[in-house]
Amino acid sequence: MSLPDRFDIAGESRIYERWLDAGCFHAEARRSVRAGGDREPFTIVMPPPNVTAILHLGHGLDNIAQDVLIRWARMSRQETLWVPGTDHAGIATQNVVEKLIAKEGKTRFDLGRDAFVRRTEAFVAETGGTILRQLRAIGVSADWSRTAYTLSPALSRAVREAFVRLHQDGLIYRGHRVIHWCPRCLTSLSDEEAEFHDETGALYHIAYRISGGADRASGTRRALTIATTRPETMLADVALAVNPADERYRDLVGATVVLPILDIEIPIIADEYADPAFGTGVVKITPAHDANDFEVGRRHGLAMPVVIDANGVMAEDASSTGRVPDLVRGDDRVVARRKIVQALQDSGALVTTESHQHAVRHCYRCDTVVEPRLSDQWFVTMAPLAAPALAGLRSGAIRILPQKWEGVYVHWLENIRDWNISRQLWWGHRIPVWYCKECDPPYDVHVSRTDLTACPRCDGPVRQDEDVLDTWFSSWLWPLSTLGWPDEKAEDLRAFYPTDVLVSAPDILFFWITRMIMSGYYFAGRSPYHTVLLHGIARDAEHRKMSKSLGNGVDPIDVVRLYGADALRWTLVSGMGLGSDILLDPNDLEKTFAPGRNFVTKLWNIGRFLLDKAGTAPVTPLRNIDANQLHRSDAWILSRLDAAVAECDDAFGPLRPVTPASGPDPVRWTDAERGSGMRLNDLAESARRFVWSELADWYVEAIKGRVIEGGADGEVARAVLVHVFDAALRLLHPIVPFVTEEIWRQLPTHTEGTFLASAAWPTGDRAAGDRAAGDRAAGDRAARAHEFDLVREAVGAVRQIRSEYAVPPGKHIDAVAVVNGATRDIARVFTEEADLVERLSRTALRVSDAAPQGAAAHAVLSGGTSLVVPLADLVDVDKECARLRGELAALEKQYVALEARLSNEKFVSKAPPDVVDGERRKLAAWSARRQQLRDKVQTLCVS
RNA sequence: GGGCGAAUAGCUCAGUUGGUUAGAGCGCCUGCCUUACACGCAGGAAGUCGGGGGUUCGAGUCCCUCUUCGCCCACCA
């Protein structure tokens with residue numbers, strides 16, 4: 001059997017199907033040590049994409065990072081579970097469906113709640129889950145049998161349980177206050193959902209005429225000037241506030257001013273909230289339309305008239321009769337602002353307008369400027385939940401990579417604010433609260449795990465709260481609910497909770513990641529994971545964030561079609577530096593993804609060489625090869641493999657913390673472990689370098705002759721090649737699973753029905769052959785491996801010289817290794833490896849104790865041997881002399897500096913002995929080289 | 001406004017507790033269709049380690065300062 005010329009990317013889906021058929025991605029709870037099995041569990045819960053989402057590069061990045069970890073864990077013989085699923089995505093999905101019915105000229109209110117929810121369910125049933133299918137195309141190895149959905153009955157049960165428990169524990173309450181309101185989505189938002197954007201607006205200075213009590217004022221002041229960015233809210237002003245310590249206005253406290261336009265009198269009050277240093281030191285108080293003013297209003301028992309309605313339109317209600325003039329009634333707040341400013345200007349009340357830079361909150365789903373709105377909402381008291389989450393990070397039970405985010409996490413938790421969890425939407429989990437109309441007092445609140453049809457107390461009719469819960473109130477339970485909580489005996493919960501790693505972009509650190517930690521501690525007593533891995537985001541060549549609106553995105557499915565999933569994965573993983581964003585050029589997919597495709601092809605071609613030239617006959621296991629039969633190149637590649645495995649292990653770091661700890665989490669990260677591992681780009685680079693620069697460039701080239709010739713020695717080379725390549729495929733499988741699986745199944749060592757996806761991760765152990773032969777052989781092998789480095793060095797030096805003197809590739813020339821008594825071992829290496837050197841460099845190498853006469857190029861090899869290539873008629877003497885003189889001058893300069901350093905007593909006495917020794921050896925080598933160069937210049941250039 | 005991080009080759013980044021002549025990938029230049037691979041092979045050029053000051057025998061690495069970017073948070077109306 002042999003491989004086709006190219007790896008067929010169209011065959012990736014067939015490989016995926018084979019994995020599915022074999023159940024490679026399925027986890028068994030009973031195999032977990034926590035459930036009586038014999039394997040450590042390793043679990044990741046996938047950040048659930050919105051159920052209506054289409055795969056974009058952000059998902060790709062996130063899931064590929066997880067897949068690399070999951071495949072590594074699986075190969076490391078962990079009972080590996082990756083839980084996939086989707087999020088019902090309250091606002092987002094509702095918005096999508098609203099847009100859909102808007103095309104039919106309808107609003108959700110035309111349909112009514114039940115019909116709208118049914119319509120949304122139908123839409124989700126029809127289009128939902130597309131993204132999960134797309135994830136398969138990029139090789140995501142999740143356990144699809146456990147696919148979860150936040151709005152499923154099972155997860156809804158968890159949501160209700162969480163709400164009821166928190167309520168029973170007094171951590172959920174109904175609050176009347178000013179919250180963030182999106183006038184487009186018609187719902188309240190949490191602090192996190194109202195995002196700040198810096199904007200340049202205007203700061204309007206408005207004069208309020210002093211009307212009452214002014215005669216007590218000492219000055220001649222007639223008016224107070226305030227500054228505001230939102231003049232339209234002045235219609236709801238109920239006071240002006242000054243700081244009680246502010247001398248300028250002390251005598252005005254208690255006086256009244258006239259509110260412009262409306263001509264109503266409002267008091268001047270004293271409150272700490274007014275900052276004497278800002279503006280004029282006077283601030284207008286609008287309790288219903290500003291969160292701070294609300295607090296001031298509450299402190300002073302002020303009225304709270306509302307002049308802007310839910311749609312962001314100027315309107316009166318019972319609280320604000322007479323406060324919205326015809327001028328602006330029915331106008332959008334933006335229009336109203338213009339009109340109010342004009343009216344103020346006309347009446348002379350507008351003192352001045354200045355440009356003002358400030359941060360304005362926007363709805364995170366639709367980007368509308370949010371409106372502070374007075375309303376009743378359900379809140380979660382967060383401080384008690386935050387405490388264990390903080391302690392978990394501080395004790396080392398949790399780590400966040402990159403670690404700079406740990407400070408951000410701590411800061412947020414230390415300043416945590418209560419969480420508004422009610423949303424005035426129809427798509428989501430209905431709040432499990434029922435109000436009784438008949439009870440005394442009326443509207444008594446009943447919170448229940450089951451739907452209520454009658455009041456539990458008076459058996460009267462009840463009405464369920466109209467609102468739904470924040471989407472994140474279901475997703476913050478994800479690691480628990482997907483594993484079966486609240487059933488504490490659930491098999492999966494016992495076997496796989498706590499999970500291990502949470503992978504995400506940093507933008508949902510507070511929305512989701514931190515809240516999951518809080519719910520994990522609260523409901524299960526343990527952090528849901530020990531590692532949070534935050535990767536960067538995808539940006540284009542100009543470093544702009546990829547986004548739909550900019551149209552600068554890369555469609556992962558396009559990339560899969562054009563270059564294959566492995567090429568996509570390779571590019572993303574190798575660009576995934578810890579803490580850095582990943583840059584991709586959407587206008588040049590070839591440039592961006594060719595390196596991945598090229599690497600896949602390189603792997604494929606090594607496979608082709610192996611199968612074409614080494615054949616598919618059963619191969620001798622490496623452990624049956626006598627260590628004495630190993631050539632220097634064999635020993636070398638085996639030691640390079642060991643190094644590569646060690647590097648890859650370092651790149652991943654430890655699977656989990658194991659150091660015992662006190663507190664709720666039994667183990668913790670040590671300081672040394674805490675920042676280690678999760679360097680997936682290092683993994684890619686280490687594996688690539690091994691395969692390409694060492695295995696392909698040197699080992700395969702070195703053994704070609706032996707393998708093609710066959711025989712006993714050919715079989716030794718073949719055994720080593722198969723062993724090393726097999727291990728390399730294992731190291732690379734987490735990154736490029738498709739091509740490695742396809743090659744691996746054709747290796748002579750492959751057993752029908754086995755998969756690389758569930759094969760063992762290579763151990764950093766010395767190769768099996770050495771263990772059998774003992775430490776002595778291992779030592780010999782290390783020495784022989786080192787000798788191959790001399791061969792590589794000689795080949796490199798000769799190539800360099802040939803290139804420098806433009807010796808035609810086909811022309812065979814000679815080289816002489818000049819050795820003396822001290823370098824006899826090296827002489828033996830060159831004598832024995834002369835054929836190899838000649839094949840790799842097209843240059844015959846012989847050993848001599850004297851340099852040949854005449855023009856020649858020199859190279860100094862480690863060990864002190866000098867390599868001399870007679871140039872005969874190849875050299876341009878003038879050019880060579882110029883080069884030699886340049887080299888000599890550079891060397892002299894460095895030599896003098898080093899000599900001075902070594903004659904510095906402080907250096908010799910204070911620097912570590914090995915450093916000093918190293919410098920001395922270097923000086924000796926330079927000395928020899930200098931002499932050599934001087935001799936060369938003498939013989940060649942003095943004419 | 002508060003806090004955090006970054007600045008090293010044209011680009012993207014490594015550089016462990018200060019210690020050989022600062023590295024890699026991509027790009028660039030030169031030569032090669034050498035019996036797996038031109039999606040390849042071999043060789044090469046290229047950096048005052050953001051500026052300034054300090055500590056030290058020795059600083060890309062430690063300290064101070066300035067500049068420029070980035071991120072998180074925040075009720076200065």
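No experiment lies behind these values; they were computed from the predicted model shown. Convention: sequence-line order gives letters A, B, ...; per-chain numbering from 1.
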Does [X] have a side-chain nitrogen or oxygen under 4.0 Å from the phosphate oxygens OP1 or OP2 of [N]?
X	N	answer
A:K613	B:A36	yes
A:R901	B:U20	no
A:K910	B:G58	no
A:H543	B:U12	yes
A:H356	B:A77	yes

So [X], base contact, sugar-phosphate only, or nothing? Heavy-atom distance under 4.0 Å.
X	answer
A:A241	nothing
A:R417	sugar-phosphate
A:V600	nothing
A:A227	base
A:G596	nothing
A:V283	base
A:W604	nothing
A:S574	nothing

Measure from the side chain of [X], starting at C-beta and using heavy atoms only, and say which of [options] lies closest.
X	options	value
A:N904	B:C37, B:C72, B:C57	B:C57
A:F278	B:A74, B:C73, B:A77	B:A77
A:R361	B:C75, B:A36, B:U34	B:C75
A:N292	B:A77, B:C57, B:C75	B:C75
A:L203	B:C75, B:A36, B:A77	B:A77
A:Y273	B:C75, B:G19, B:A74	B:C75
A:R842	B:U34, B:G5, B:C72	B:U34
A:R539	B:C71, B:G19, B:A36	B:C71

Exercise. Can you give one letter per nucleotide of nucleotides 38-48 of chain B, 5' to 3': B if a protein heavy atom sits under 4.0 Å from the base, S if only from the sugar-phosphate, - if neither?
Worked result: -BSSSSS----

Ion pair present between [X] and [Y], side-chain N to carboxylate O less than 4.0 angstrom?
X	Y	result
A:E694	A:R640	yes
A:R230	A:E371	yes
A:R688	A:E685	yes
A:R839	A:E701	no

Exercise. For RNA chain B, what string of dots and brackets results from 5' to 3' when Watson-Crick and G-U pairs need both distances under 3.5 Å, crossing pairs get [ ], and pairs with another strand get |?
Worked result: (((((((..((((.....[...)))).(((((.......))))).....(((((..]....))))))))))))....

Exercise. Closest nucleotide of RNA chain B for A:P276 versus for A:E192: which of these residues is on the 5' side?
Worked result: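 Its nucleotide being nearer the 5' end, the pick is A:E192.
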
For this session: Between A:F196 and A:T229, just flag the one whose closest nucleotide in RNA chain B comes earlier from the 5' side.
Result: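 Here A:F196 is the residue nearer the 5' end.
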
Exercise. Just how far, in rounded Å, is C1' of B:G31 from CD1 of A:I801?
Worked result: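 Going from A:I801 (CD1) to B:G31 (C1'), I get 17 Å.
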
For this session: Determine whether the aromatic ring centres of A:F511 and A:Y364 lie less than 6.0 Å apart.
Result: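 Yes - the distance between ring centres of A:F511 and A:Y364 falls below the 6.0 Å cut-off.
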
Looking at [X] and [Y], would you say the former's side chain and the latter's main chain have a donor-acceptor pair under 3.5 Å?
X	Y	answer
A:S909	A:K906	yes
A:T843	A:S841	yes
A:D566	A:V739	yes
A:D237	A:A239	no

For this session: Look at the rings of A:F599 and A:W692 and say which category their plane angle falls in: under 30° parallel, 30 to 60° tilted, over 60° perpendicular.
Result: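 A:F599 vs A:W692 ring planes: parallel.
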
For this session: Verify the distance criterion only: is there a donor paired with an acceptor across the side chains of A:E354 and A:H205 at less than 3.5 Å?
Result: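 Distance-only check passes for A:E354 and A:H205.
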
